[in-house]
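Working notes, beginning with the structure itself.
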Amino acid sequence: MDLKLFFNPTEVDVDSDPTSFQSSIYINRHKMPDHEGMDIALIGLTEYRGEDEKADQSSADEIRKQMYKLKKGFGDYAIIDLGNFRNGPTLEDTYLRLKEVCAYLMEKSIIPVLFGGSHDLDLGQYYAYETTEKLISVLNVDNEIDLSDDGAPSKSHVNRIFKHSPNFLFSYYHLAYQSYLTNQKSIELLEQLSFESVRLGVVKENIKDIEPMVRDADMMSFDLSALQAHYSPGASNSKVYGLTGEEACQLSWYAGQNEKMSSVGFYNYNASRDSEDRKTAFVLSTMIWYFIEGYYHRKGDKNFKSNDYLMYEVHLGGDPETIRFYKSKLSERWWMEVPNPEAEGLFNRNRMIACNYSDYDLALKGELPDRWMNFYNKA
């Protein structure tokens, strides 16, 4: 694929030293760099036709101005900034172009990191998995659950993900929704589909308990409106209440560490709404930085049959008779195995579900963890 056909070069060039983020990555300025062997591809988005309000087309570059000034983090960077994505003649064309580019990058084991644009652009991100021939789990962080049947695409994109054909959605996690902004029927629908939603207060109570959900996802879609307006005045729908900048960075770190995570999108930044000192752009740039930092701290938690794992089999004496838990010797993280003996095709496999020690402890007491039951019911 000739990537330069899909991107406009960026002209952002900040004063920096050899230890800066800008000096440590390859940037599409006057000529598209070679992307072979890259780990991560940064993609600026300028498409806002899916949002009700007009947005500043320079928003992605405003994020770059903050991100490039940060210091390089851990590891040997193999990161390319492809520039700003060229929008299609129609919004639907943009989705399909984004699908094509993301699918190409993921096929080469390069993680697309999208930033800017309206939240409905995660449709292109999701559609890219259509050719992978596997079921995926989607993590969405947003203060609302966008399940509208009509209205702006940014308010109905989750509905379109659920209804998309072919269906390759196995699990959906929604984090940090605010109850007073959310239709109760939306929550009930997620429960009926055995999908999981966690309201803001629960996320903030102990964010470490949320880590298994982040670890189980293949893609993350993050709407900046999930943050408090103090941290994200540049998001179109941020409220007084929400995640802090630190909590958003923690979730981004978890996503980066996740061996399964193959694409991420940080959406809904509008520079025309941001503060003069570009507070939101700075917060978003640090979220991307922490994702990258998490990526370069990955522990290689993949092969559960290797000697890098301890297997614990808990006897319950009922149905199921036993549950198997796995603990990584490298990262000390936990998983549990959910059997799926009767399914066929894509579903014909046992599934390893990320969990906490608390789930193992619950099983030792003879109780089935809720997440185990949730996944078993999908069989």
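Numbers here simply count residues along the sequence, with the first being 1. Given the structure is predicted, the values throughout are model-derived calculations rather than measurements.
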### Query
At what distance, to the nearest 0.5 angstrom, does CD1 of I136 lie from NZ of K134?
7.5 Å
### Query
Using a distance-only test with no angle check, is there a side-chain donor-acceptor pair under 3.5 angstrom linking T182 and S179?
no
### Task
Sequence neighbours left out, what passes salt bridge (Lys or Arg N to Asp or Glu O under 4.0 Å) with R29? Give chain and number order.
D13
## Note on the structure
With N159 as partner, the option from D149, D150, D146 fulfilling side chain to side chain donor-acceptor pair (under 3.5 Å) is D149
### Query
In Å, rounded to the nearest 0.5 Å, how long is the span from CE of M213 to CE of M220?
15.0 Å
### Message
If you define the side chain from C-beta out and look only at heavy atoms, does anything of Y231 sit under 4.5 Å from T244?
### Response
yes
### Query
What are the two closest non-hydrogen atoms of E62 and A281, and how far apart are they?
O-CB, 3.8 Å
### Message
With a 4.5 Å cut-off on side-chain heavy atoms, are Y77 and I40 touching?
### Response
no
### Query
Given side chains that start at C-beta, do those of F325 and V314 come closer than 4.5 Å, heavy atoms only?
yes
Contacts table for residues 256-265: side-chain donor-acceptor under 3.5 angstrom, sequence neighbours left out:
residue : atom : partner : partner atom : Å
Q257    : OE1  : W253    : NE1          : 3.2
N258    : OD1  : K260    : N            : 2.8
N258    : ND2  : V214    : O            : 3.0
N258    : ND2  : R215    : O            : 3.2
N258    : ND2  : A217    : O            : 2.6
E259    : OE2  : K299    : N            : 3.2
E259    : OE2  : G300    : N            : 2.6
E259    : OE2  : D301    : N            : 3.4
K260    : NZ   : D216    : O            : 2.7
S262    : OG   : Y129    : OH           : 2.8
S262    : OG   : D218    : O            : 3.3
S263    : OG   : Q125    : NE2          : 3.0
S263    : OG   : Y129    : OH           : 2.8

### Message
Taking atom CD as the centre, does E188 end up with more than 12 heavy-atom neighbours from other residues, nucleotides or ligands that are less than 6.0 angstrom away?
### Response
yes
#### Entry: Minimum-distance pair of heavy atoms, taken over all atoms of A103 and T131
CB-OG1, 4.2 Å
### Task
Output every pair passing side-chain hydrogen bond (donor to acceptor under 3.5 Å, both in side chains) with a member in residues 103-118, not counting sequence neighbours, ordered by first then second residue.
H35-Y104, E36-K108, S118-D120
### All side chain to side chain donor-acceptor pair (under 3.5 Å) counterparts of H164, not counting sequence neighbours
E130
### Task
Examine L5 and L96 and state if one hydrophobic cluster contains both, with Ile, Leu, Val, Met, Phe, Trp and Tyr joined whenever side-chain heavy atoms are less than 4.5 Å apart.
no
### Message
Within the 3.5 Å criterion, strictly below it, is a donor on S171 or R371 matched to an acceptor on the partner's side chain?
### Response
no
### Query
So, for F195 and F162, is the gap between ring centers shorter than 6.0 Å?
yes
### Message
Under 3.5 Å, is there a donor on one side chain and an acceptor on the other for H157 and D122?
### Response
yes
### Distance-only side-chain donor-acceptor flag, D56 / N270, under 3.5 Å
no
### Message
Quick check: do L227 and S238 have side-chain heavy atoms less than 4.5 Å from each other?
### Response
no
### Query
Just wondering, more than 12 heavy atoms not from K329 lying within 6.0 Å of its NZ?
yes
### Query
Do we see a donor-acceptor contact under 3.5 Å between the side chains of T19 and K71?
yes
All N/O donor-acceptor pairs, side-chain side in residues 198-208, below 3.5 Å, sequence neighbours left out:
residue : atom : partner : partner atom : Å
K204    : NZ   : G242    : O            : 3.3
K204    : NZ   : E247    : OE1          : 2.8
K204    : NZ   : E247    : OE2          : 3.2
N206    : OD1  : K208    : N            : 3.3
N206    : ND2  : D209    : OD2          : 3.4

### K69: salt bridge (Lys or Arg N to Asp or Glu O under 4.0 Å) partners, not counting sequence neighbours
none
#### Entry: S225-N237 side chain donor-acceptor pair, cut-off 3.5 Å
no
### Query
Is it true that atom CD of E92 has more than 12 heavy atoms of other residues, nucleotides or ligands lying nearer than 6.0 Å?
yes
### Summary
Applying salt bridge (Lys or Arg N to Asp or Glu O under 4.0 Å) to D370 and not counting sequence neighbours gives none
### Query
With sequence neighbours left out, what residues match D15 under side chain to side chain contact (heavy atoms under 4.5 Å, CB included)?
none
### Message
Please enumerate all residues that pass side chain to side chain donor-acceptor pair (under 3.5 Å) together with D277, with sequence neighbours excluded.
### Response
S275
### Query
Between the side chains of N84 and R64, does any donor sit under 3.5 Å from an acceptor?
yes
### Query
Under 3.5 Å, side chain of Y177 to main-chain N/O of N143, donor-acceptor pair present?
no
### Message
As a quick check of understanding, evaluate ring pair (Phe, Tyr, Trp, His ring centres under 6.0 Å) for W334 and Y360, giving each step before the final call.
### Response
CA-CA 9 Å; W334 288 78; Y360 171 66; 4.8 Å; yes
### G50 versus A152, closest heavy-atom pair with distance
O-CB, 3.6 Å
### Query
Looking only at side chains, do D93 and T90 share a donor and an acceptor under 3.5 Å apart?
yes
### Task
Just jot down the side chain to side chain donor-acceptor pair (under 3.5 Å) partners of S165, sequence neighbours excluded, or say none.
none
### Query
Do Y312 and L330 belong to the same hydrophobic cluster, where Ile, Leu, Val, Met, Phe, Trp and Tyr are linked whenever their side-chain heavy atoms lie under 4.5 Å apart, directly or via other members?
no
### Message
Using a 3.5 Å distance criterion without hydrogens, assess whether the side chain of T286 forms a donor-acceptor pair with backbone atoms of W289.
### Response
no
### Query
Between N140 and Y172, is any side-chain donor less than 3.5 angstrom from a side-chain acceptor?
yes
### Query
Can you tell me if E100 uses its side chain to pair, donor with acceptor, with the backbone of C102 under 3.5 Å?
no
### Query
Do M38 and Y26 touch side chain to side chain, with heavy atoms closer than 4.5 Å?
yes
### Task
Taking atom OH of Y173 as the centre, report whether more than 12 heavy atoms of other residues, nucleotides or ligands fall under 6.0 Å from it.
yes
### Task
Give a yes or no on this: more than 12 heavy atoms of other residues, nucleotides or ligands lie within 6.0 Å of atom OH of Y241.
no
### salt_bridge(K365, D361) N-O dist < 4.0 Å
yes
### Task
Compute whether any side-chain donor of one residue and acceptor of the other, for D274 and Y269, lie under 3.5 angstrom apart.
yes
### Task
Answer whether the closest heavy-atom distance between the side chains of H119 and E51 falls below 4.5 Å.
no
#### Entry: Non-hydrogen atoms of P18 and S24 that approach each other most closely
O-OG, 4.3 Å
### Query
Taking the side chain from N374 and the backbone from S194, do they hold a donor-acceptor pair closer than 3.5 Å?
yes
### Query
Is the closest side-chain donor-acceptor distance between Y295 and H297 under 3.5 Å?
no
### Query
With E144, which residues qualify under salt bridge (Lys or Arg N to Asp or Glu O under 4.0 Å), at least two apart?
K155
### Under 3.5 Å: donor-acceptor pair, side chain of H315, backbone of E321
no
### Query
With side chains defined as the heavy atoms from C-beta onward, is the minimum distance between R160 and Y126 less than 4.5 Å?
no
### Task
Could you pull out all residues at least two apart from D34 that satisfy side chain to side chain donor-acceptor pair (under 3.5 Å)?
none
### Message
Quick check: do I288 and F266 have side-chain heavy atoms less than 4.5 Å from each other?
### Response
yes
